[in-house]
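Below is one structure, written out as C-alpha cells; comments come after it.
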Amino acid sequence: TGYYGDGLNAIIVFAACFLPDSSRTDYSYVMENLFLYVISTLELMVAEDYMIVYLNGATPRRRMPGLGWMKKCYQMIDRRLRKNLKSFIIVHPSWFIRTILAVTRPFISSKFSSKIQYVNTLAELREMIPMEYVHIPDSIVKYDEEKCIKRRMRTSCLSNDPEMASVEQE
C-alpha cells in the first residue's frame with residue numbers, strides 16, 4: 001500500500017502470485033475470507049479516491065482467481081468503493097486476464113471498464129504512479145527484468161534480420 005496526490009489517496013497493491021493454489025481442498029473458504037478481509041481493509045483505508053495495482057506477473061494459472069470469484073467480488077463491493085476507485089491498473093497482463101476482462105466487459109459498468117488500464121512493465125507503472133511508497137515483491141521485479149531482457153533480445157534480433165529491418169522501415 002502507498003499513497004499518491006495531495007490528499008494522500010491510497011494505492012492498494014495486490015500481488016496475485018501470493019494467492020492460494022486452487023488445488024487446496026479449502027480453496028473456496030480461503031478465497032471468500034480473503035475477499036472479506038480485502039473489502040474490510042479497503043473500507044477502513046479508503047475515505048477518498050484510490051487506485052488498485054494488480055500485479056499479475058510471476059503468477060501461475062492455478063493461483064489466478066476464477067471468473068466466478070471475480071464476479072462475486074465486483075457485485076459485493078460497496079457503491080462508494082466502486083465510485084472512489086480512480087483506476088485499476090493490471091501490471092503484466094496475461095492473455096487469460098485480457099480474455100476474461102473482454103468476455104465480462106458487457107456485464108460490468110462502462111464506468112468501471114474505463115478505469116481498467118494495462119501496463120506491460122514496471123517502468124511504465126513508474127511513469128503513472130509514485131513508487132517510493134509502493135512495495136513490489138522481488139518475484140515480480142525478477143519477472144519484469146526477465147521479460148524486459150527477452151523483449152530486448154527479440155528487438156535486437158529483429159533489427160539484425162535484413163528481412164525484418166525492411167518490414168520495420170515500411
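As the structure is a computational prediction, the values presented were derived from the model and not from experiment. Note: hydrogens, waters and symmetry copies are ignored here, and every other heavy atom, side chains too, is used.
Val141 and Leu125 end up in the same hydrophobic cluster when Ile, Leu, Val, Met, Phe, Trp and Tyr side chains are linked at under 4.5 Å. Neither Val103 nor Phe88 shares a network with the other; the hydrophobic side chains, linked directly or stepwise wherever heavy atoms of I, L, V, M, F, W or Y lie under 4.5 Å apart, form separate groups for each. Both Leu81 and Phe14 belong to a single network of hydrophobic side chains, linked directly or stepwise wherever heavy atoms of I, L, V, M, F, W or Y lie under 4.5 Å apart. No continuous path of ILVMFWY side-chain contacts below 4.5 Å connects Val134 to Tyr143, so the two sit in separate hydrophobic clusters. Taking hydrophobic clusters as Ile, Leu, Val, Met, Phe, Trp and Tyr residues chained together by side-chain heavy-atom distances below 4.5 Å, Val91 shares a cluster with Ile11.
Rounding to the nearest 0.5 Å places OH of Tyr50 at 10.0 Å from NZ of Lys86. The distance from atom CG of Asn84 to atom CZ of Arg79, rounded to the nearest 0.5 Å, is 10.0 Å. Atom-to-atom distance recorded for Glu124:CD and Glu127:CD is 7.0 Å, nearest 0.5 angstrom.
Screening residues 15-39 for salt bridge (charged side-chain N to carboxylate O under 4.0 Å, His left out) gives Asp21-Arg62, Arg24-Asp26, Glu32-Lys72 as the qualifying pairs, with residues at least two apart or on separate chains. Every pair tested for salt bridge (charged side-chain N to carboxylate O under 4.0 Å, His left out) that includes a residue from residues 97-110 fails, sequence neighbours excluded, so the list is empty.
Annotation for Lys147 and Asn120: closest pair NZ-O, 3.8 Å, computed over non-hydrogen atoms. In terms of heavy atoms, Pro93 sits closest to Tyr118 at CB-CD2, 3.5 Å.
Under the rule for a side chain to side chain contact (heavy atoms under 4.5 Å, CB included), the partners of Ile39 that lie at least two apart in sequence or sit in another chain are Phe35, Leu42, Glu43, Ile77. Remark: Asn33 engages Tyr29, Leu36 in a side chain to side chain contact (heavy atoms under 4.5 Å, CB included) (not counting sequence neighbours). In this view, Ala123 and Thr121, Arg126 satisfy the side chain to side chain contact (heavy atoms under 4.5 Å, CB included) rule, not counting sequence neighbours.
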Using distance only, find each side-chain donor-acceptor pair of residues 53-61 under 3.5 Å and give its atom names and separation, not counting sequence neighbours.
| unit_1 | atom_1 | unit_2 | atom_2 | d |
| --- | --- | --- | --- | --- |
| Asn56 | ND2 | His92 | O | 3.1 |
| Thr59 | OG1 | Cys17 | N | 3.1 |
| Thr59 | OG1 | Asn56 | O | 2.9 |
| Thr59 | OG1 | Gly57 | O | 3.3 |

(request) Apply side chain to side chain contact (heavy atoms under 4.5 Å, CB included) to Leu19 and Tyr27, showing your working. (result) CA-CA 10 Å; Leu19 288 173; Tyr27 178 75; over 6 Å; no

(request) Report the C-alpha distance between Met64 and Ile100 in whole Å, list the side-chain angles of each, state the deciding distance to 0.1 Å, and finish with yes or no for side chain to side chain contact (heavy atoms under 4.5 Å, CB included). (result) CA-CA 11 Å; Met64 287 186 194; Ile100 281 184; over 6 Å; no

(request) Give the intermediate values and the outcome of side chain to side chain contact (heavy atoms under 4.5 Å, CB included) for residues Leu34 and Met31. (result) CA-CA 5 Å; Leu34 175 65; Met31 289 299 283; 4.3 Å; yes

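The side-chain heavy atoms of Ile90 and Leu101, taken from C-beta on, include a pair separated by under 4.5 Å. The side-chain heavy atoms of Ile136 and Asp144, taken from C-beta on, include no pair separated by under 4.5 Å.
Lys115 places a side-chain N or O within donor-acceptor distance of the main-chain N or O of Arg82, the cut-off being under 3.5 Å.
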